[in-house]
Structure formats: C-alpha cells, structure tokens
Amino acid sequence: MELNYNFTTLLDSIAFIQGATLGALLIILNKKKHKSTFFLGLFLVFFSWKLLYFIFKDLNVSALYPELFLLPFNFSWLLFGLFFIYTQQVSGFSDYKEKYWVLMPGIVSFVLQLIIFFLPYQTKLTISESPWHDFLFTYLGICYSWGIGIWNLKVLNKHQIKVNNYFSMVESRELQWARFFLIYSLVSSVIIHILYYISPSNFYFKVIFSVFDLIAIYWVSFHGVVQRNVLSILTKKELYEISEKKPNQAQNEAPMTNDSMKKLIDEIDRHMINSESFTLTELTILDLAKALNIHPRRISTAINKIRRQNFNTYVNKFRIKKAELLLSDENSDNLSVEGIGNEVGFHSKSAFYSAFKKETGTTPSKYKKTIFD
C-alpha cells in the first residue's frame, strides 16, 4: 500500500513540476508577443497547482502542518474559463470581444478560498465539515466548468466551419487538438467523479488519471507553443473590406438570388480553371475575392448554397481532378505520388491521400495502378 501511495503522488508531483514550469515559461516569454499564449500559460500554472492540492491531500500534509489546511488551490471554477479565453484568441473569432466575464466566478472562488485559508484552524475545520463548502467550491464549480467546456466545444465547431470556408489548407488551423483536450477533460471529469463514489480508494484509477494528466500537460504545452492565431494572415480589414471597382460595385451590393449565385459560381469556376490558382497551397477565399473583386462573403455563400460545399472542399475538387490527370499521364512518371500532391496544391502527403480518397474512394497509388494495369 505504501508503494502504491507513493507512486501516485510521484506521478502527480512530476505533472505539477512540468505544468508549473512550462506554464511559467509561456507567461514570461510570450506575454507581449502572443497574448493568447499568456492565458494558456496561466491555465497550465493553475492546472498544476490544482494537482498540488491533491498531492498534499494524499500525503496528509495538513495533519503535520495544520496551518496548510484548506489550501486555496481548488480551481474548478477557473480552469475551463482560462482555456475558453485562450481558444477564442487563437480561433476564427479572435477579432470578437473577449468574454473575460467567464473568469469572474473563478476569481471570486479563489478570493473566498484565500480568506478561509487565513482563518484559525478550528474555524476552517468547521467550515470544511459544512455541506455548503464542498457544494460551493467543488460541485457547483464542476457544473460551471462543464457548462463552459461544452460552450467552448460549440465555439470550436463554429470555428471549424469558418476555417473550412476561408482556407484551402486547414491543417493546424482547425484546432482539433484543443477539441480533443476539451473532450478528454469533460469525459475524464465525469468518469473520475463516478469512480470516486464507486471506489474512492482504488489505486489503479488514481494511477491511470495521474498518467493522463501528465500526458495532457505535455499535449497542451506542445500545441500551445506551435499554435498561433488562425486568422493572423487575414486581418479584419482585409476580411470585410475588398477594394471597390466600378464594374463589380453593383454586383457586391445586389441581393443574392439563386440565379445570381449560379452565375457567380460559373465565374468562380472559370477563374479557377484558367488561372489554376487552386495549385497555391495557401490559397484563401480572400485571394479569390481579390482576383474577382467580389466580397468573400458572397463567394462563400454561393459555394455553400449552390455547390453545398465549403471553400476547402470546393478547392480540393479542382486539385483532385488535376491529380487524376497527372496520375493518368505517362509523361508524369518521373513524379512521385507525393510530388503530384505538391504539384496540385497539397502541402503534405497525408492531406493529399485523405482528400483523394474522400473524393474518389481510393488512394492515389491504387488509382494509378488501375490506370496502367
């Protein structure tokens, strides 16, 4: 039992040290350059300090040092709010007003815990034994966090739709890692509380979630360092203000009917075929809007309504058609499958294979084999 007990504490201690260190580095090194990373650093710091609460509880530190009883490290009200602010600042909604109010309940909770912490030991003991203490700082906080987490997932789903309507290359812009982390956090939180009531002293449960917390810290830290604002290459002015030229001014202002959208799609198709702009890896809807002198929202609406596709899928169809031609051309034997993918606008082999299989039902290699067999 002693070995098991020390092992779980060791895992939590490693996670605490790593989270606190990485979080502090993100705060110190990136506060001015990337405000979003500053909030991610805060999230990691508070996440790791919450682990310290469990470490002290497992070690029964308060029995040896009563003055440390009820350390103000229960951040149930705060963690999901910090991650919400971070994801908003790197997502497609970074130009919206930040919803800092989601942090207020967490700040109030911390202040109340701090006040209680400095009360006499007997008073703190009485407070800890009252039913409202756990209800207020733990259970109600957990429910609030779940609400913010679910809301954050909805925001990320809207962000994914927006990204697919703006970019032809969506990898690293969809914030899938943030979605996975939120799902893990929500699901693990529910499971932990269920298991706590079933078997509160089960060693294996504690080890499993301690390992998961350690992995989650590295996962969030790594992606947080490499992740930048998704819309950083598209400023607010560029997104919503296309230079007006007299020939298209009326078109940009006219209401969009089904016929006008079909005409616009025909114009977009001709431009894509003649210019082969789809071969540009970083092609955005803004590039297309500038070339045609048409507002990007009108282009996006036409593609969505008439083709029932997002911009990313629309562009990839042109890329796959050209890829099929190259794969069928004996003169392109000097090009590898990956080379053909790069030639038609895909930035990676995996992106090319995924899009090709989605469009044709087979892989580029198998497609080429069926052509020449």
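Hydrogens, waters and symmetry mates play no part in the numbers below; they use all other heavy atoms, side chains included. In this text the structure is predicted, and so the values were computed from the model without any measurement.
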Quiz item: Taking the six-membered ring of F167, is the NZ or CZ of R173 close enough (under 6.0 Å from the centre) and on axis enough (within 45°)?
Solution: yes

Quiz item: Are the aromatic ring centres of Y86 and F43 under 6.0 angstrom apart?
Solution: no

Quiz item: Can you name the one residue among V315, T281, N316 that meets side chain to side chain contact (heavy atoms under 4.5 Å, CB included) with S168?
Solution: V315

Exercise. Verify the ring-centre separation between W151 and F84: is it less than 6.0 angstrom?
Key: yes

Exercise. State whether F278 and K322 meet the cation-pi test: NZ (Lys) or CZ (Arg) under 6.0 Å from the six-membered ring centroid, and within 45° of the perpendicular axis.
Key: no

Quiz item: Is there side-chain contact between L153 and R179, with heavy atoms separated by less than 4.5 Å?
Solution: yes

Quiz item: Going through the distances and angles, do F83 and F80 end up as a ring pair (Phe, Tyr, Trp, His ring centres under 6.0 Å)?
Solution: CA-CA 5 Å; F83 198 72; F80 275 84; 7.9 Å; no

Quiz prompt | Y139 ring center within less than 6.0 Å of F135 ring center | solution = no

Quiz item: Going through the checks in order, is the side chain to side chain donor-acceptor pair (under 3.5 Å) test met by T9 and D12?
Solution: CA-CA 5 Å; T9 305; D12 285 340; over 6 Å; no

Practice problem: Kindly work out whether a path of hydrophobic side-chain contacts (I/L/V/M/F/W/Y, heavy atoms less than 4.5 Å apart) joins F222 to L22. | Solution: no

Quiz item: From S130 OG over to H133 NE2, what is the distance, rounded to the nearest 0.5 angstrom?
Solution: 7.0 Å

Quiz item: So, do W77 and I107 sit near enough that their side-chain heavy atoms are less than 4.5 Å apart?
Solution: no

Exercise. Give a yes or no on whether W177 atom CH2 has more than 12 heavy-atom contacts from other residues, nucleotides or ligands under 6.0 Å away.
Key: yes

Quiz item: Would you call D269-R307 a salt bridge at under 4.0 Å N-O?
Solution: yes

Quiz item: About how many Å separate NZ of K262 and CD1 of I306, when rounded to the nearest 0.5 Å?
Solution: 6.0 Å

Self-check item: Side-chain heavy-atom pair F209, I191 within 4.5 angstrom cut-off
Solution: yes

Quiz prompt | Hphob cluster co-occupancy, L286 + M169, side-chain heavy atoms under 4.5 angstrom | solution = no

Quiz item: Should E174 and N164 count as side-chain neighbours, where that means a heavy-atom distance under 4.5 Å?
Solution: yes

Practice problem: Go through H159 and L175 one step at a time and tell me if the side-chain contact (heavy atoms from CB on, under 4.5 Å) criterion holds. | Solution: CA-CA 8 Å; H159 160 80; L175 297 178; 3.6 Å; yes

Quiz item: Within a strict 4.5 Å, meaning less than it, do heavy atoms of the I14 and L214 side chains meet?
Solution: yes

Quiz item: What's the spacing between I116 CD1 and T123 OG1 if we round to 0.5 Å?
Solution: 10.5 Å

Quiz item: Does one hydrophobic cluster hold both V226 and L156, with members joined at side-chain heavy-atom distances below 4.5 Å?
Solution: no

Quiz item: Do I161 and V155 belong together in a cluster built from hydrophobic side chains that touch within less than 4.5 Å?
Solution: no

Quiz item: What residue among F47, F16, W49 forms ring-ring contact (aromatic ring centres under 6.0 Å, His included) with F73?
Solution: W49

Self-check item: Identified side chain to side chain contact (heavy atoms under 4.5 Å, CB included) counterpart of F311 within the set I303, N304, V163
Solution: I303

Quiz item: Any chance the rings of F69 and Y65 have centres within less than 6.0 Å?
Solution: no

Self-check item: Distance, nearest 0.5 Å, that separates OG1 of T363 from CZ of F352
Solution: 9.5 Å

Quiz item: Distance from E343 atom CD to S336 atom OG, nearest 0.5 Å?
Solution: 10.5 Å

Exercise. Measure the CZ-CZ distance between F54 and F56 for me, rounded to the nearest 0.5 Å.
Key: 13.5 Å

Quiz item: Going through the checks in order, is the side-chain contact (heavy atoms from CB on, under 4.5 Å) test met by S145 and L79?
Solution: CA-CA 7 Å; S145 294; L79 289 174; 5.8 Å; no

Practice problem: Check step by step if side-chain contact (heavy atoms from CB on, under 4.5 Å) holds for T21 and Q18. | Solution: CA-CA 5 Å; T21 303; Q18 297 299 326; 5.6 Å; no

Quiz item: Looking at Y353 versus F356, is the centre-to-centre ring distance below 6.0 Å?
Solution: no

Self-check item: Steps toward side-chain contact (heavy atoms from CB on, under 4.5 Å) verdict (T87, F93)
Solution: CA-CA 9 Å; T87 53; F93 305 101; over 6 Å; no

